[in-house]
Number of protein chains: 2
Amino acid sequence: MDKVRVMIVDDHEMVRLGIKSYLLTEDKIDFLGEASGGKEAAELARKTQPEVILMDLLMEGGTGIEATKEIMSFLPQCRIIILTSYYDDEQVFPALEAGAHSYILKTSSATAILTAIYKAAKGESVIEPQVANKMMTKFRPKEKRLHEDLTAREMDVLQCLGDGLTNQEIAEVLYIGVKTVKTHVSNILSKLELTDRTQAAIYANRNGLLRKST
Amino acid sequence: MDKVRVMIVDDHEMVRLGIKSYLLTEDKIDFLGEASGGKEAAELARKTQPEVILMDLLMEGGTGIEATKEIMSFLPQCRIIILTSYYDDEQVFPALEAGAHSYILKTSSATAILTAIYKAAKGESVIEPQVANKMMTKFRPKEKRLHEDLTAREMDVLQCLGDGLTNQEIAEVLYIGVKTVKTHVSNILSKLELTDRTQAAIYANRNGLLRKST
DNA sequence: ATATGCCTCCGTCTCGAGTCGGAGTTGAAA
DNA sequence: TTTCAACTCCGACTCGAGACGGAGGCATAT
C-alpha cells in the first residue's frame with residue numbers, strides 16, 4: 001500500500017507543529033504541507049491533491065466549513081477529517097453536510113488521530129462517541145430549526161423580542177403600527193409553538209437570533 | 001543568563017507535542033517535562049521546580065485553575081502562563097485570582113508564546129488584547145454581576161423566569177402562591193433594573209442563570 | 001386573470017403581568 | 001430581647017399582551 005497523502009489546516013501554529021511532528025515520524029504518511037486558513041487550504045489542496053485533510057473547525061477568517069465545501073467541490077474524493085476542541089459545537093451538522101468525513105476531538109491521543117487518518121484513507125468514518133451522542137439529540141425533528149419557517153418581517157420582530165422590547169418599542173424600531181407588531185408576534189408564537197413573548201425571547205437568545213446592532 | 005526552566009500542562013497530547021517540539025529547538029529553554037492533568041502537574045512542579053509553567057485552562061478532571069492554586073501554594077515564585085482556546089472564557093478572572101501570571105490564546109504564534117515565556121521569566125505579564133478587552137468590559141461596575149444582590153428565593157424565581165414559566169407555573173414548581181411569585185418578580189425587576197419578565201428571562205439566559213434540571 | 005403569500009392595519013375581548021400598600025411568620029444577628 | 005431581613009400572602013388597580021376575525025395593498029407565480 002502506498003503512503004497516505006495528508007495535509008493539515010489549522011490556524012493554531014502549535015497544533016500544526018504538534019501534528020506535523022507526529023506525522024513526520026510515520027513512514028506510511030506522506031506529509032504534503034499545512035495551511036493556516038480556508039483560502040490557503042483550498043489552494044494547497046488544489047496543488048497537492050491530498051487524500052486526507054485534517055481540518056480545524058474554528059479558524060479566524062472563515063470557518064473550516066466553508067473550506068470543506070470548497071475543497072469538496074473540486075476534490076470530491078478527498079477525505080476531510082474535522083478536528084475540533086469541543087464536542088458541544090453547534091457546527092457538527094454543517095460540517096458533515098459540507099462533506100466532512102470524520103469528526104474527532106483535539107483531546108484525542110495522537111495515535112487515535114493516526115488511526116482516523118488510516119481509516120479515512122480506506123473510506124471509513126470515525127465519529128467520536130461524544131459527538132455521536134450530540135448528533136442523536138440533534139436529530140429530533142421538532143426542536144431542530146423551527147424558526148426557518150418565519151418570514152423576513154417576522155424574523156425582524158423576533159430579533160426585537162430577543163432584546164426584550166415591548167410591542168410599542170418594536171413598532172417604533174420597525175416603523176410599523178403596534179397592531180401589526182401584535183400580528184407578527186402572534187404568528188411567531190404559533191410557528192415556534194410557544195405561548196408568550198418571554199419564551200420567544202428565550203428562543204431568540206438560545207438560537208443566536210439577535211440584531212447585530214445590539 | 002541561565003536557561004528558563006519550563007514545564008507544560010495540557011490534556012491535549014497534540015498540543016503538548018507541538019509546544020515541546022518547538023521549545024526543544026530553543027537553546028535558552030530548559031524543558032523539564034509535561035503533565036496531562038492537574039494532579040500530575042502539581043507533582044511534577046514539586047519535583048522539577050520550574051520557573052515558568054504553560055497551563056491549559058480546560059482539562060478533563062479538574063480545571064487548570066485548581067492546579068494553578070495548588071502549585072502557587074508551594075511554588076509562589078513560579079510564573080504560570082494560562083493557555084486557552086477562547087477569549088470569551090468565563091474563567092479569566094478565577095485564573096488571574098488563582099495566581100496566573102499571563103493569559104494568552106492558543107491562536108498565538110509559537111514565537112509569541114516564546115516571547116511570553118521569556119517575559120514571564122523576567123516577571124512581566126502578557127495579556128492578550130482580546131482578553132484585556134474582556135476584562136475591561138467585565139469591570140464596569142453596573143453591568144457586572146447585578147444579580148448577586150438577589151436572595152436565594154429570588155434566584156429560584158429568576159431561574160424559572162429564564163425557562164419562560166408563567167407566574168402560575170413558577171408557583172407550582174416552588175410550592176408557593178402566585179401572589180408570592182409576583183412579589184419576587186417585582187423585587188427581581190427592581191434589583192436588576194429591568195422593566196418586565198421578558199427582560200429578566202433574557203438576563204437569566206445571557207448570564208447562565210438556569211436550572212440544572214433543564 | 002386569478003391565486004397565493006406577505007405585510008399592513010383595525011376593533012374587541014380576555015387575561016396575565018406588574019405595581020402599590022399592607023401584613024404575618026420565622027430565624028438569625030445585635 | 002429587640003431588630004432586621006427574608007419569605008410568605010392579600011386585595012385592588014392599571015396596562016400591556018395575545019387571540020380572533022376581518023380587511024386592503026402588493027408582488028409573484030400560475
Side-chain angles (χ1 to χ4, degrees), chain A residues 142 145-207 209-214, chain B residues 144-207 209-214:
Chain A
K142 275 269 184 181
R145 252 166 182 75
L146 214 46
H147 60 265
E148 293 195 346
D149 289 345
L150 298 181
T151 67
R153 207 53 169 164
E154 285 163 355
M155 268 302 303
D156 294 339
V157 175
L158 179 55
Q159 288 167 356
C160 291
L161 285 175
D163 275 344
L165 304 187
T166 64
N167 287 338
Q168 180 61 47
E169 289 167 337
I170 296 173
E172 288 164 5
V173 168
L174 299 182
Y175 304 105
I176 58 180
V178 183
K179 309 294 180 66
T180 309
V181 175
K182 282 194 175 192
T183 304
H184 288 315
V185 171
S186 279
N187 293 334
I188 290 170
L189 296 181
S190 169
K191 287 184 181 177
L192 300 188
E193 300 173 9
L194 304 173
T195 62
D196 54 50
R197 72 193 300 101
T198 302
Q199 293 184 358
I202 295 169
Y203 184 99
N205 274 271
R206 291 187 180 169
N207 292 78
L209 307 174
L210 300 175
R211 291 180 297 174
K212 300 159 195 173
S213 52
T214 305
Chain B
K144 200 183 163 191
R145 253 160 182 71
L146 212 49
H147 59 268
E148 292 192 349
D149 289 344
L150 298 182
T151 67
R153 207 54 170 162
E154 286 163 355
M155 269 302 302
D156 293 339
V157 175
L158 179 55
Q159 288 167 356
C160 290
L161 285 175
D163 275 343
L165 303 188
T166 64
N167 287 338
Q168 181 60 47
E169 289 167 337
I170 296 173
E172 288 164 6
V173 168
L174 300 182
Y175 303 104
I176 58 181
V178 182
K179 309 294 180 64
T180 310
V181 175
K182 281 193 175 192
T183 304
H184 289 315
V185 171
S186 273
N187 293 334
I188 290 170
L189 297 180
S190 169
K191 288 184 181 177
L192 299 187
E193 300 172 9
L194 304 173
T195 63
D196 54 49
R197 73 195 296 102
T198 300
Q199 292 183 359
I202 295 169
Y203 184 99
N205 274 271
R206 291 187 180 169
N207 292 78
L209 307 174
L210 300 175
R211 292 178 297 173
K212 300 160 194 171
S213 53
T214 307

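Throughout, a chain's letter reflects where its sequence line sits, starting with A, and its residues are numbered from 1.
- Look at H184(B) and you'll find a side-chain N or O under 4.0 angstrom from OP1 or OP2 of dT8(D).
- The CD-P distance, from E154(A) to dT8(C), rounds to 10 Å in whole Å.
- When distances run from any side-chain atom of D196(B) to the nucleotides dG18(C), dC10(C), dG18(D), the shortest one goes to dG18(C).
- Within 4.0 Å (heavy atoms only), T180(A) reaches at least one base atom of the nucleic acid.
- Contact check for R153(B) versus I176(B): side-chain heavy atoms found under the 4.5 Å cut-off.
- Protein atom CD1 of I176(A) is 6 Å distant from nucleotide atom P of dC9(C), rounded to whole Å.
- Here dC6(C) presents its C1' atom at 13 Å from CG of L150(A), a figure rounded to the nearest Å.
- Using a 4.0 Å heavy-atom distance criterion, T166(B) is classed as a sugar-phosphate-only contact.
- Side-chain proximity of R197(A) to dC10(D), dG18(D), dG18(C): nearest is dG18(D).
- Rounded to an integer number of Å, the gap from E169(A) CD to dA17(D) C1' is 14 Å.
- Taking the side chain as every heavy atom from C-beta outward, H184(B) and V181(B) never approach each other to under 4.5 Å.
- Distance alone, capped at 3.5 Å, is enough to place a donor-acceptor pair between the D196(B) side chain and the T198(B) backbone.
- Nearest-nucleotide mapping onto DNA chain D: of V181(B) and N187(A), the residue sitting toward the 5' end is V181(B).
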May I have the step-by-step check of side chain to side chain contact (heavy atoms under 4.5 Å, CB included) for L192(A) and Q199(A), ending in yes or no?
CA-CA 10 Å; L192(A) 300 188; Q199(A) 293 184 358; over 6 Å; no
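- For K182(A), the listed nucleotide lying nearest its side chain is dA17(D); candidates were dA17(D), dT19(C), dC9(D).
- For L189(B), counting side-chain heavy atoms from C-beta on, the closest listed nucleotide (dC9(D), dC7(D), dG18(C)) is dG18(C).
- Counting any heavy atom pair closer than 4.0 Å across all strands shown, V185(B) reaches sugar-phosphate atoms only and no base atom.
- Between dA17(C) and N167(B), a contact under 4.0 Å exists linking OP1 or OP2 to a side-chain N or O.
- If you take CD1 of I170(B) and C1' of dG16(C), they are 12 Å apart, rounded to a whole angstrom.
- The separation between D156(A) atom CG and dC6(C) atom C1' is 13 Å, rounded to whole Å.
- Rounded to an integer number of Å, the gap from OH of Y175(B) to P of dC7(D) is 18 Å.
- Residue K179(A) has no polar side-chain atom (N or O) positioned under 4.0 Å from OP1 or OP2 of dT8(C).
- Side-chain proximity of T151(B) to the nucleotides dC10(C), dA17(D), dC7(D) is greatest for dC7(D).
- Contact detail for A204(A) and G162(A): the closest heavy-atom pair is CB-CA, 3.8 Å.
- Considering all non-hydrogen atoms of both residues, I170(A) and R197(A) come closest at CD1-NH2, 4.0 Å.
- Within the nucleic acid shown, S186(B) comes within 4.0 Å of at least one base atom, counting heavy atoms only.
- The interatomic distance linking L161(A) (CG) with dG18(D) (C1') rounds to 12 Å, in whole Å.
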